[in-house]
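Atom set for the values below is all heavy atoms of this structure, side chains included, hydrogens, waters and symmetry mates excluded. Owing to the predicted nature of the structure, the values given are computational and were not obtained by experimental measurement. Sequence lines set the chain letters: A, B, ... in the order given, protein chains first and strands last, and positions in each chain run from 1.
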2 protein chains.
Amino acid sequence: MSSSSAASIGQPPPPAPPPEEEKKCLNSELWHACAGPLVCLPTVGTRVVYFPQGHSEQVAASTNKEVDGHIPNYPNLPPQLICQLHDVTMHADVETDEVYAQMTLQPLNPQEQNDAYLPAEMGIMSKQPTNYFCKTLTASDTSTHGGFSVPRRAAERVFPPLDFTQQPPAQELIARDIHDVEWKFRHIFRGQPKRHLLTTGWSVFVSAKRLVAGDSVLFIWNEKNQLLLGIRHATRPQTVMPSSVLSSDSMHIGLLAAAAHAAATNSRFTIFYNPRASPTEFVIPLSKYIKAVFHTRISVGMRFRMLFETEESSVRRYMGTITEVSDADPVRWPSSYWRSVKVGWDESTAGERPPRVSLWEIEPLTTFPMYPSLFPLRVKHPWYSGLACLYHVESKISVVGAISLHYCC
Amino acid sequence: MSSSSAASIGQPPPPAPPPEEEKKCLNSELWHACAGPLVCLPTVGTRVVYFPQGHSEQVAASTNKEVDGHIPNYPNLPPQLICQLHDVTMHADVETDEVYAQMTLQPLNPQEQNDAYLPAEMGIMSKQPTNYFCKTLTASDTSTHGGFSVPRRAAERVFPPLDFTQQPPAQELIARDIHDVEWKFRHIFRGQPKRHLLTTGWSVFVSAKRLVAGDSVLFIWNEKNQLLLGIRHATRPQTVMPSSVLSSDSMHIGLLAAAAHAAATNSRFTIFYNPRASPTEFVIPLSKYIKAVFHTRISVGMRFRMLFETEESSVRRYMGTITEVSDADPVRWPSSYWRSVKVGWDESTAGERPPRVSLWEIEPLTTFPMYPSLFPLRVKHPWYSGLACLYHVESKISVVGAISLHYCC
DNA sequence: TTGTCGGCCGTCGGCCGACAA
DNA sequence: TTGTCGGCCGACGGCCGACAA
């Protein structure tokens, strides 16, 4: 694989180093498809809220190491930081194809926080591809013995139609992965009963991407009549990769110190958001935050629903009940809205769902008129003064209120 | 590969996750052989000097990203930190076998720095294995077409002797890698002219370790009559791995903030030293530091020599001349001894050698009596007062002086 | 002394329909 | 509808000495 050309012949697994930092912006459709249906990125140029606590959670998940004391306090680092979002770029790990986003944030001073909203700030829906399928690989799919069995409806909907006058009907498919590398497959309709299969070319793809049974592939047929090809590795017990560069303690300190320094100097800082490592977004649109914190009444005992991703890359609602409203980490992050809602889940299979969620993740089940509540529910917290400036903003929003206050995901 | 047993059958490439953090201490001989002949680790329990500047250099090398501004100042973090070394453990990356060391350091207060030396503090020579060989793999060695051609003298010295009454002489070799995984090879003496070859078993090893031409393997025959097997990947352009977890800026801030916090509170912190990523040690025995800084006269124009590792894992001296004594980074790290000596190298092939080195890395070419110099050369720097406590220590050392002041490597 | 090649052989990668879940 | 298997065929993995650097 040549090191300079962006598009290259996919067949031999590329051992070449990536062409520096100047990777062009990846295909956004494919990135979002790999990231999953619930992931959405805030819009460049808007204001967002950054939660160092959530960022810390992601680093802990990535390093497989909880933070264990010896972390200095950053008294000037609030649990949430209102920032200008200067840049968002989508990336994929060169080794694993794992998707992640890089964001450049700049904390705003109270004056800037007070600025009026622009309509664009509301965030845009993440555009999930319309014509695609996602399949979890079986043992047969990944075995060296055979090819890939394409679910029938998926093949008919997503692949170009076969010429059924041929016997057997077959064609060559060319798909591009997230690095814009081409992969070729023989697509054939054969067997008894008849089925769609990918044969020649499939095994080199499997070995190049190091796919095993349980991983997923997804094919997208986009508006430009291109076939895109993404992978999602099953969430294996983390590879413990960060070792040998920096201790996980130093990483935690690093993210906190970087945010604290940026907050103190109102300067830019950079973070990575890895949607598969920890599904909980820790940079959210300011509008979404305001709506959840100031315009939503919640109380203990209230029922709610929340979206989760299913195995087959679609979305499901789970129901639950609010059991408590309190600080997730009263020592380190008092008065934080991050995971401030303790919940119980209806289904007994709830083991995988988090015991604590944030306000903006849930959908309370009340028919509740869309007018601004002058005071939010949680009056016990004393830090409203710090956000007082937002109140003025709020009243501006409320004018457009119900019609334009869509938020992401 | 079972996830719990330390020793396991090496043949199938192990996809299993590592058994948490409780990895036993690796084979020290093999670790040092893989790390190279110049690498030495300070002794646990002794005092060391830690250079955040050097640490930062290693992180920059590992992330392929120089520090680019926006790094806060840590005015209370001196360029060198005298620490108690509480723990050193040797590790090898589960994916790549890359060796690295983890050290737990605790900054000492001036009182503790003043304590008398223990004889054990002098550091111990790194024990390079005596009976071993290291070969850089050729295209034929890594091709699927054949096996591994063993250099004749290496085979005769390191492998168990063959039974030459057989025709052809052959045996099974069992070698253990740094994770204590067994690998089996057929060792045969055949061909015209006769030569030593590893055939059966070799190719699975090559593919499991992802070896390519230019990488090196090393075999050790130790005192317990065990065959050990290490690899060294050629220094490829870094894999840019840290992406997707933490920005390189945050990593830099993290290491500085962690050190600053530890220094302020005299608490422990943890660092990783990766000898292949950046060969320059940034944690050195205090005795070595004192000898170099206070007992060695250097001046501009002085000739010196310095050790470097050769391709075949041995050691060579290169000659050079001191051209300047100054701060390597006068803005960020004024008055630092790290790379304070600017040098010119004799040979025209000097492109790979660093333009700046530290005092303790070089060997000035003067016949110079071994008595303590009351004042070191560099009088322009004003920070001696800060190290004044060391002077008292120094006079204690000087008593034992020439006989016991051996230092590492 | 040792790196690479052509030759030869056997294993397994990979395409096929059968069959059953 | 689709996951796994046995059967079959050919490509290439892998062991050999020849030859030359």
Side-chain angles (χ1 to χ4, degrees), chain A residues 11-13 133-157 159 166-173 184-208 211-217 312, chain B residues 11-13 133-157 159 166-173 184-208 211-217 312:
Chain A
Q11 302 311 44
F133 77 90
C134 174
K135 184 191 177 189
T136 301
L137 299 177
T138 67
S140 297
D141 290 330
T142 52
S143 146
T144 58
H145 193 59
F148 173 65
S149 184
V150 189
R152 180 171 178 181
R153 296 189 178 185
E156 290 170 350
R157 198 177 62 246
F159 291 165
Q166 296 175 28
Q167 210 43 244
Q171 66 182 334
E172 181 180 62
L173 292 182
K184 297 179 182 177
F185 306 103
R186 179 172 171 81
H187 169 207
I188 193 168
F189 185 71
R190 63 161 173 82
Q192 199 48 251
K194 293 274 180 274
R195 89 249 343 243
H196 291 270
L197 296 164
L198 297 189
T199 58
T200 311
W202 174 252
S203 71
V204 291
F205 178 73
V206 167
S207 59
L211 296 172
V212 297
D215 295 344
S216 304
V217 294
E312 292 309 311
Chain B
Q11 303 309 48
F133 77 90
C134 174
K135 186 192 177 189
T136 301
L137 299 176
T138 67
S140 297
D141 290 329
T142 52
S143 148
T144 57
H145 192 59
F148 174 65
S149 185
V150 190
R152 181 172 179 180
R153 295 187 179 186
E156 290 171 348
R157 197 178 64 247
F159 290 163
Q166 295 174 28
Q167 208 44 242
Q171 65 182 336
E172 180 181 62
L173 292 182
K184 296 178 182 176
F185 305 103
R186 178 170 171 83
H187 168 209
I188 192 168
F189 186 70
R190 63 164 173 81
Q192 199 50 250
K194 293 273 180 271
R195 93 266 320 263
H196 291 269
L197 296 165
L198 298 187
T199 59
T200 310
W202 174 251
S203 72
V204 291
F205 179 73
V206 167
S207 59
L211 296 172
V212 297
D215 295 343
S216 303
V217 294
E312 292 310 310

>> Quick one, Val150(A) and Phe133(A) - any side-chain contact, counting heavy atoms below 4.5 Å?
In response: yes
> What residues form a side chain to side chain donor-acceptor pair (under 3.5 Å) with Ser140(B), not counting sequence neighbours?
Replying inline: none
> Under 3.5 Å, is there a donor-acceptor pair between the side chain of Ser143(A) and the main chain of Ala139(A)?
Replying inline: no
> Counting a pair only when it is Watson-Crick or G-U and both distances are under 3.5 Å, which runs of at least 3 such pairs involve DNA chain C?
Replying inline: C:1-21 with D:1-21
>> Are Phe205(A) and Leu198(A) packed together at the side-chain level, in the sense that at least one heavy-atom pair is separated by less than 4.5 angstrom?
In response: no
>> Quick test of your reading: applying salt bridge (Lys or Arg N to Asp or Glu O under 4.0 Å), list the pairs with at least one residue in residues 144-155 of chain B, sequence neighbours left out, ordered by first then second residue.
In response: Arg152(B)-Glu156(B)
> side chain to side chain contact (heavy atoms under 4.5 Å, CB included) between Phe148(B) and Leu211(B): does it pass, once the steps are laid out?
Replying inline: CA-CA 12 Å; Phe148(B) 174 65; Leu211(B) 296 172; over 6 Å; no
>> Within residues 186-199 of chain A, which residues have any heavy atom lying less than 4.0 Å from an atom of DNA chain C?
In response: Ile188(A), Arg190(A), Gly191(A), Gln192(A), Pro193(A), Arg195(A), Thr199(A)
>> Distance under 4.0 Å to a non-hydrogen atom of chain A counts as contact; along DNA chain C, which nucleotides mark the start and end?
In response: dG13(C) to dA20(C)
> Between atom CZ of Phe159(B) and atom CZ of Phe185(B), what is the distance when rounded to the nearest 0.5 Å?
Replying inline: 8.5 Å
> Considering residues at least two apart in sequence or located in another chain, which fulfil the salt bridge (Lys or Arg N to Asp or Glu O under 4.0 Å) criterion with Arg195(B)?
Replying inline: none
>> For a quick check of understanding: with a heavy-atom distance under 4.0 Å over all strands, which category does Ser203(A) fall into, base, sugar-phosphate or nothing?
In response: sugar-phosphate
> NA contact type, Ser143(B), heavy-atom cut-off 4.0 Å: base, sugar-phosphate, or nothing?
Replying inline: nothing
> Quick one: on DNA chain D, does Arg152(A) or Ser140(A) contact a more 5' nucleotide (nearest heavy atom)?
Replying inline: Arg152(A)
> Can you find a heavy atom in the side chain of Ser149(B) that is under 4.5 Å from one in the side chain of Lys135(B)?
Replying inline: yes
>> Here's a test of your reading of the structure: between Pro168(A) and Ser149(B), which maps to the more 5' nucleotide of DNA chain C?
In response: Ser149(B)
> Looking at Thr136(B) and Asp141(B), what are the two nearest heavy atoms and their distance?
Replying inline: O-OD2, 4.4 Å
